[in-house]
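Down below is the structure, laid out as structure tokens.
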Amino acid sequence: MAKKPIPPTTKKPATPPVATPKDESPSKTSGAGAAKSEASPEVSPAPGRPGSGQQGLAKAESSPKKGTGPRKGAVPGGAATLAPPAKTAEGPPRSGSAKGESPTAKPAAPSGVVTGASGRSVPTKEASASKPASSKGPASQAGAAERPAGTAAAPRPEARPGDVRPSESTAGPAEKGAPPPSAQAETPRPAAAQIRATEPAAAPAAEVPPSPSAPSGAESPVRPPAESEFEVEPRSEMLPEPGSEPEPEPAPHYESRPSLFIVHVTPEMAPVAKVGGLADVVFGLSRELAIRGNHVEIILPKYDNLRYDHIFQMHVVYQDLWVPWYEGAIHCTVYFSFVHDRKCFFIEPHSQDNFFNRGSLYGFRDDVLRFAFFSRAAIEFMWKAGKQPDIIHCHDWQTALLPVFLYEIYQPLGMHHPRVCLTIHNFKHQGVTGADLLHATGLHRPERFMAYERLGDNHHRGAINLLKGGIVYSNFVSTVSPRYAYETKEQGQGFGLEPTLHTHHMKYGGVVNGVDYDVWNPEVDHHIPVHYNVDTIDGKYDNKRALRQRLMLADNEKPIVAFIGRLDPQKGLELVRHGIFYSLGKGAQFVLLGSSPDHGINADFWGLKNMLNENPDCHLEIGFDEDLSHLIYAGADIILVPSQFEPCGLTQLIALRYGTIPVVRSVGGLADTVFDKDHSFHALHERNGYSFETYDNQGLESALGRAIDCYYEFPDHFRELMKNAMRSDNSWNHPGQDYLNIYDFIRHR
Ligand code: ADP
């Protein structure tokens with residue numbers, strides 16, 4: 001057979017160049033690794049996860065020759081159970097105590113938990129029986145007058161952009177001792193909601209920590225920004241003018257409720273700065289919150305590689321923001337712009353550190369320093385601009401220091417109102433670093449912050465852990481599925497943070513991500529040639545033809561199995577490799593779209609690509625291509641997600657919307673959203689895919705084999721499954737409400 005040229009759409013040379021840091025191509029020998037992996041894949045069980053053999057199956061209509069079916073019913077626990085509150089050895093700092101040491105635990109008032117059939121769970125809003133009296137109102141001039149010199153000091157007049165200059169003093173309240181009494185909450189109270197569906201009936205008696213204390217802003221009205229919000233002036237000129245605030249957008253179809261001022265502080269947002277699912281979550285959630293009548297803003301770093309084609313009306317709103325840093329301060333400029341209706345602020349530091357002008361978001365030795373700076377800059381901006389949101393919503397380790405800054409530095413200055421929700425999208429990355437960072441960021445008492453109950457890393461003596469600090473100091477910590485919340489706390493998936501999650505379990509829970517159906521919807525998707533919905537499902541096959549044409553695959557009756565994702569070990573790369581060969585052997589076609597910052601992994605997949613280049617039923621696309629991903633979701637029949645662990649997973653959620661059947665390993669969010677056609681507790685009409693438990697080739701075959709067999713032998717059943725998939729509601733509707741419940745919960749504490 002003539003060698004199949006790499007399709008022009010791929011924009012890759014037929015023979016990829018040798019791998020270099022910039023172009024992700026293999027060395028000549030790299031293919032061997034990939035081939036070897038297929039022959040005898042290295043199985044890497046998920047850490048802390050005992051291997052489990054495959055069990056016998058209930059009879060399925062297809063009779064896979066290899067392997068056995070998935071084992072279901074291993075869902076831990078039953079109804080959500082709240083452990084009784086107890087005292088804790090590990091707890092957050094309390095500004096209510098004289099020096100913040102030895103926090104005293106208060107019993108938590110457990111909240112009710114409503115668990116939906118889909119595994120979603122929603123904290124019921126608890127009546128706040130005892131609200132602490134607010135020790136201070138919103139930021140005021142008086143608050144500014146109280147500000148210790150230097151912490152949020154005005155720049156020297158002679159300072160110029162690019163200067164890093166010493167400030168008068170960087171000593172914040174933390175450095176100066178306990179916060180002034182007026183800045184301390186009277187009663188630290190535990191944030192006591194637990195959102196989880198899979199908690200074991202006999203939860204371990206974890207100790208209840210106090211949550212970061214803050215005077216309640218319960219009386220505080222919603223505080224939408226002033227008319228001139230996007231022309232931000234220095235704080236002294238930005239006094240709140242309640243009367244001048246714009247009306248929130250009407251949301252007639254939602255229950256009437258007070259609107260909130262919510263600020264997301266995030267390292268990523270689709271499509272302007274996207275690496276993974278976090279970016280999609282911020283984009284989709286912020287929209288959902290806004291259409292429900294809340295005022296939502298997003299603060300991002302101003303990376304040099306932002307997708308400016310999606311950024312509109314960018315202009316400077318805060319020219320001279322001086323962010324305390326080491327003994328000095330870094331001059332920053334803040335820009336405002338709309339990104340598809342989202343109101344975004346971009347912070348641009350001017351310093352030789354060149355924090356965000358690196359050509360990519362991550363992968364640098366000083367990443368922890370870069371994002372610690374961003375966190376400090378974001379809250380400094382809010383403070384100087386007079387913003388006191390109801391909720392600051394932080395994401396991942398990159399912004400996990402922000403609640404630490406809030407409660408240790410800014411609350412004593414007068415920033416009493418905001419409450420913080422931290423969403424952890426992946427526990428694998430935590431931001432572990434040395435104590436020097438404390439000095440850089442103005443957390444000047446290392447003995448305080450390096451303590452085990454605060455930022456001290458659970459395993460590395462002398463190191464601080466930013467994500468841990470975020471857990472300790474936030475008012476609520478969510479992760480992106482109830483199952484992952486359980487796995488991280490109970491099943492060794494917390495990458496060392498399990499004890500911390502146990503300590504803070506009363507403010508920890510999971511909310512499954514949604515998908516933005518404005519973007520991911522085959523009825524309106526402008527990336528695909530033929531639109532379709534559940535009633536015109538045959539349109540999917542026109543997209544299948546278009547996908548084959550674009551990737552130069554043979555036009556035949558075979559199903560197309562696809563993989564889309566980062567080529568990260570987390571995604572189960574051994575099983576992806578095996579899935580390619582297994583699918584081809586079972587009479588299916590295979591399409592892969594993925595890339596990795598790891599050159600070795602990329603080289604392996606380039607080797608595999610070269611090896612399979614002449615196969616008319618296979619195409620591997622090594623790279624990131626949003627446009628192609630839409631066509632694959634629309635044109636493929638089956639999507640493979642065999643992850644070692646998966647906090648939520650968006651690929652299966654998107655695939656469901658396009659009627660592409662997910663074959664997943666039953667972990668994390670995959671377990672919460674994909675219900676096996678043959679083995680599930682869910683009603684028949686809710687079953688939408690195939691799943692397997694054990695991380696090995698046989699496990700994968702047990703599910704993928706059934707999917708391919710069903711496609712060939714029971715096409716009507718496969719079609720019904722596609723319709724079930726398309727009818728699954730994975731929009732932001734439910735998660736949006738879940739987050740509002742969380743916000744309400746912490747707002748009144
Ligand atoms: P993670 O956040 O771990 O990367 P998710 O499944 O939560 O994984 O989100 C992945 C998102 O990134 C999905 O929207 C997926 O379509 C997209 N994506 C991943 N890899 C690629 C790629 N190579 N090209 C285009 N889109 C990709």
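Positions are given from 1 along the sequence. Every value quoted in this text rests on a predicted model; they were computed, and no experiment measured them. Counting starts at 1 for both ligands and their atoms, in listed order.
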Report task. Compare every heavy atom of Trp732 with every heavy atom of Tyr739, then report the nearest pair and how far apart it is. Result -> CE1-CZ3, 4.3 Å

Query raised in the report: Hey, which atoms in ligand 1 end up nearer than 4.0 Å to a heavy atom of Gly623?
Result: 22 (C), 23 (N)

Query raised in the report: For Ile564, is at least one N or O under 3.5 Å away from an N or O on ligand 1?
Result: no

Report task. Look at the side chain of Ser596 and the backbone N and O of Asp598, then say whether any donor-acceptor pair between them is shorter than 3.5 Å. Result -> yes

Query - Short N-O contact, Asp518 and Arg657, less than 4.0 angstrom - result: no

**Report entry** Lys/Arg N to Asp/Glu carboxylate O, Lys274 vs Glu626, below 4.0 Å
**Finding:** yes

Query raised in the report: Which atoms of ligand 1 have any heavy atom of Gly276 under 4.0 Å away?
Result: 2 (O), 4 (O)

Query raised in the report: Should you measure from each heavy atom of Lys274, which atoms of ligand 1 turn up under 4.0 Å away?
Result: 12 (O), 14 (O), 17 (C)

Query raised in the report: Any idea which atoms of ligand 1 are less than 4.0 Å away from a heavy-atom of Tyr633?
Result: 15 (C), 16 (O)

Query raised in the report: How close does the nearest protein non-hydrogen atom get to atom 27 (C) of ligand 1, and which residue and atom is it?
Result: Phe624 CE1, 3.5 Å

Query raised in the report: Is the closest heavy-atom distance from Gly649 to ligand 1 below 4.0 Å?
Result: yes

Report task. Test Asp676 against Arg706 for salt bridge (charged side-chain N to carboxylate O under 4.0 Å, His left out), laying out the working first. Result -> CA-CA 10 Å; Asp676 192 279; Arg706 284 184 296 129; 2.9 Å; yes

Query raised in the report: Are any of the heavy atoms in Lys571 under 4.0 Å away from ligand 1?
Result: yes

Query - SB check Lys571 Asp568 (cutoff 4.0 Å) - result: no

Query raised in the report: Does any N/O atom on Gly277 come nearer than 3.5 Å to any N/O atom on ligand 1?
Result: yes

Report task. Would you check the N or O atoms of Ile654, main chain and side chain alike, for any that come under 3.5 Å of an N or O of ligand 1? Result -> no

Query raised in the report: So, is Asp625 polar-close to ligand 1, with some N/O to N/O distance under 3.5 Å?
Result: yes

Query raised in the report: If we ignore angles and hydrogens, is there a donor and acceptor under 3.5 Å between the side chains of Arg665 and Gln644?
Result: no

Query raised in the report: Who's the nearest protein heavy-atom neighbour of atom 19 (C) of ligand 1, and how far?
Result: Gly565 CA, 3.6 Å

Report summary line: The salt bridge (Lys or Arg N to Asp or Glu O under 4.0 Å) partners of Asp366 (sequence neighbours excluded) come to Arg358

**Report entry** Any side-chain donor near an acceptor of the partner, Asn426 and Gln570, under 3.5 Å
**Finding:** yes

Report task. Give yes or no for whether the N/O distance cutoff of 3.5 Å, strictly under, is met between Glu626 and ligand 1. Result -> no

Report task. Among all protein heavy atoms, pick out the one at the shortest distance from atom 7 (O) of ligand 1; state its residue, atom name and that distance to 0.1 Å. Result -> Leu650 N, 3.3 Å

Report summary line: One finds that the ligand 1 atoms under 4.0 Å from a non-hydrogen atom of Asp280 are 11 (C), 14 (O)

Query raised in the report: Is Ile622 close to Lys609 at the side-chain level, that is, under 4.5 Å between some pair of heavy atoms?
Result: yes

Requested in this report: Could you list the atoms of ligand 1 found under 4.0 angstrom from a heavy atom of Arg566?
Outcome: 1 (P), 3 (O), 4 (O), 20 (N)

